[in-house]
Amino acid sequence: MTTHYLGESWVETYGKSSGIVTTARITHATPAALYAHAPSRYWEDDSRVPPTVRKDCKDIALQLVENEPGRSINVVMGGGRRHFLPTITPDPEHPNREGRRLDGRNLAEDWAREKKRRRLRAQYVHTKEQLVKLDPRTVDYLLGLFEYSHMEFNAERGASSTDAEEGTSATSTVKADDPSLADMTRAALSILTKNDKGFFLLIEGGRIDHAHHYNNPYRALDETLELETALLAALERVNPAETLIVVTADHGHVMTFGGQATPRGHPVLGADTVVSDIDGLRYTTLLYGTGPGHSEPRALPLNTTVSIGALADAVHASAVPRQWATHGGEDVPVYALGPMATILFTGVIEQSYIPHAIAYAACIAHQSRRCQEKKNFTQAPVEKPPNCVISEVSSVSAQDEMRSDGSSGRRIVVASSVMSDERASRSTAPLPAMLLMGKPLISKSFDLLARISTVWFITRL
């Protein structure tokens, strides 16, 4: 994934700090793309790596602890303790569960030891209480693993949680009091903003995606509001004049909005005010194309007067039965705020364009020379009058018209209906002042926020 380059040399080579915050496992697809290379996204620990290649291929969690750029990331927070603990070690919050590593290593302890050996100020936490007590003035590296697997949905935070493997019904009084996405965002920024050279932070509302896979719009929308809360928390701690914030998604879902007569203010989780004109049954305004909500005959929507708990657990109807709903194929929006946001993020773009646009704004990687220019592009260049006048040509001269551009190394074509000496060279032609500047528009910090499923990045220049 292209985000890997932002997390790797593009950021750390220029002395910026970096961080990852997610409500999913930190070895899950989106966060792992920032630091790991693997033939399969499911190689989160060595138990999932085929035995025939286990000696040659590191699992994703091990790459985070041992390889670059993972070992140099300043802040890593999310779920997924099971991929860092050996099979003989019980989980600290869920004693009935054990780690999944076959190599016998406790990677959380290994991470802390490696930082201590390098004399770096680092701390490992696994509870909200430990995170609250953290003093960012004394910590430069933070690893937070707050759940055995994914972090709890916001609707379940602080409630009783299951204390067995996924899919079983065993329960206990263990509290799943995870920090919220906003809590982790504030903690991450309190560490990253200490770097005067700026930082890059990816923040993912990873459980929005999971709720949609369950055909459960209540939790999907609730997690989206949690993402908004985290975004607002970030905006309170950064300067938009020097911080680029980009919010987007890696994909959409097959949820649809429907209804024949839904007035303003109608409950979004409720049913249409009229029944189907085919079978005479009620249906919800939010429906899914695929997923576990399919049934024959189809399930009727709940009454909106029922308890919040019942609405939160409601599975909405889907057209095609699947254990998990599929992703959608539509374009997703990209929202941006900060330096050059309205210039770089307009129109329809490819996903792979985003990191290059961020690099351009931040003057890093292949765009680093942009901020080293000495020329003043806000004033029109003074053209030297030609020494002689060459007759106008009516056709393109291969030698002249396909000349090399000395400043960029590209070959350019110019119109054949103008005087050849009147063509201003590409190196002196006036360019848009907002795209080329003598100094970086963003002074120190560069923050990127992304994902409607959802991830957002913060990059401070």
Side-chain angles (χ1 to χ4, degrees), residues 23-25 28-30 149-157 159 161-162 164-169 171 176 204-228 249-263 265-333 451-455:
T23 52
R25 297 190 296 268
H28 207 240
T30 295
S149 181
H150 299 299
M151 295 182 66
E152 296 291 341
F153 283 107
N154 179 63
E156 276 75 53
R157 283 195 305 113
S161 64
T162 60
E165 291 294 332
E166 298 171 8
T168 63
S169 59
T171 60
E204 178 190 25
R207 305 236 63 189
I208 300 173
D209 170 79
H210 299 158
H212 279 310
H213 281 306
Y214 296 143
N215 288 169
N216 181 217
Y218 177 93
R219 284 181 174 82
L221 297 178
D222 186 54
E223 292 294 315
T224 303
L225 293 176
E226 282 297 294
L227 180 74
E228 180 188 42
D250 53 355
H251 57 75
H253 280 271
V254 290
M255 186 184 75
T256 64
F257 290 81
Q260 182 64 30
T262 51
H266 188 74
V268 69
L269 296 172
D272 193 3
T273 56
V274 297
V275 298
S276 168
D277 58 359
I278 300 297
D279 58 16
L281 299 178
R282 298 168 66 235
Y283 58 92
T284 55
T285 56
L286 298 182
L287 299 166
Y288 287 87
T290 63
H294 181 86
S295 64
E296 295 290 348
R298 60 186 177 83
L300 299 180
L302 295 175
N303 192 314
T304 54
T305 59
V306 301
S307 66
I308 294 295
L311 284 176
D313 293 333
V315 175
H316 286 218
S318 68
V320 177
R322 287 186 63 94
Q323 290 185 347
W324 274 58
T326 61
H327 294 158
E330 73 279 10
D331 288 349
V332 296
R451 168 179 167 105
I452 287 182
S453 245
T454 287
V455 179

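Atom set for the values below is all heavy atoms of this structure, side chains included, hydrogens, waters and symmetry mates excluded.
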Q: Compare every heavy atom of H294 with every heavy atom of S318, then report the nearest pair and how far apart it is.
A: OG-N, 2.9 Å
(Q) Just verifying a value: how many Å separate L227 CG and N154 CG, rounded to the nearest 0.5 Å? (A) 11.5 Å
Q: Check A325 against T290 and note the closest heavy-atom contact, atom names and distance.
A: CB-O, 3.2 Å
Q. Do H251 and H212 make the cut of ring centroids closer than 6.0 angstrom?
A. no
**Q.** Which atom of A24 lies closest to which atom of G206, heavy atoms considered
**A.** CB-CA, 4.4 Å
Q.
Looking at every heavy atom in both L269 and T284, which two are closest together, and how far apart are they?
A. O-CG2, 4.5 Å
Q | Side-chain heavy atoms of L221 within contact of L286, under 4.5 Å | A | yes
Q) Any donor and acceptor pair, going by atom type alone, linking the side chain of N215 with main-chain N or O of A317 inside 3.5 Å? A) no
Q. Once the angle between the rings of H327 and H213 is folded into 0 to 90°, is it parallel (under 30°), tilted (30 to 60°) or perpendicular (over 60°)?
A. tilted
Q: Ignoring hydrogens and angles, tell me if any N or O in the side chain of T285 forms a donor-acceptor pair with the backbone of F257 under 3.5 Å.
A: no
Q | salt bridge (Lys or Arg N to Asp or Glu O under 4.0 Å) involving R219 - partner list, sequence neighbours excluded | A | E156, D313
Q: Would you sort out whether H28 and H150 count as a side chain to side chain contact (heavy atoms under 4.5 Å, CB included), showing the intermediate values?
A: CA-CA 9 Å; H28 207 240; H150 299 299; 3.6 Å; yes
Q.
Taking CD in E330 as the centre, count heavy atoms belonging to other residues, nucleotides or ligands within less than 6.0 Å. Is the count above 12?
A. yes
(Q) Enumerate the salt bridge (charged side-chain N to carboxylate O under 4.0 Å, His left out) contacts for residues 316-328, please, sequence neighbours excluded, ordered by first and then second residue. (A) none
**Q.** Min side-chain heavy-atom separation Y283-D272 under 4.5 Å
**A.** yes
Q. Do E223 side-chain atoms and F153 backbone N/O form a donor-acceptor pair below 3.5 Å?
A. no
Q. How long is the gap from CG on D250 to CD on E204, to the nearest 0.5 Å?
A. 7.0 Å
Q: Could I get the full list of salt bridge (Lys or Arg N to Asp or Glu O under 4.0 Å) partners for D279, not counting sequence neighbours?
A: R298
Q: Heavy atoms only: give me the nearest Y218-L311 pair and the separation to one decimal.
A: CB-O, 3.6 Å
Q: Would you name the heavy atoms of P301 and R282 that are closest together and state the gap between them?
A: O-NH1, 3.4 Å
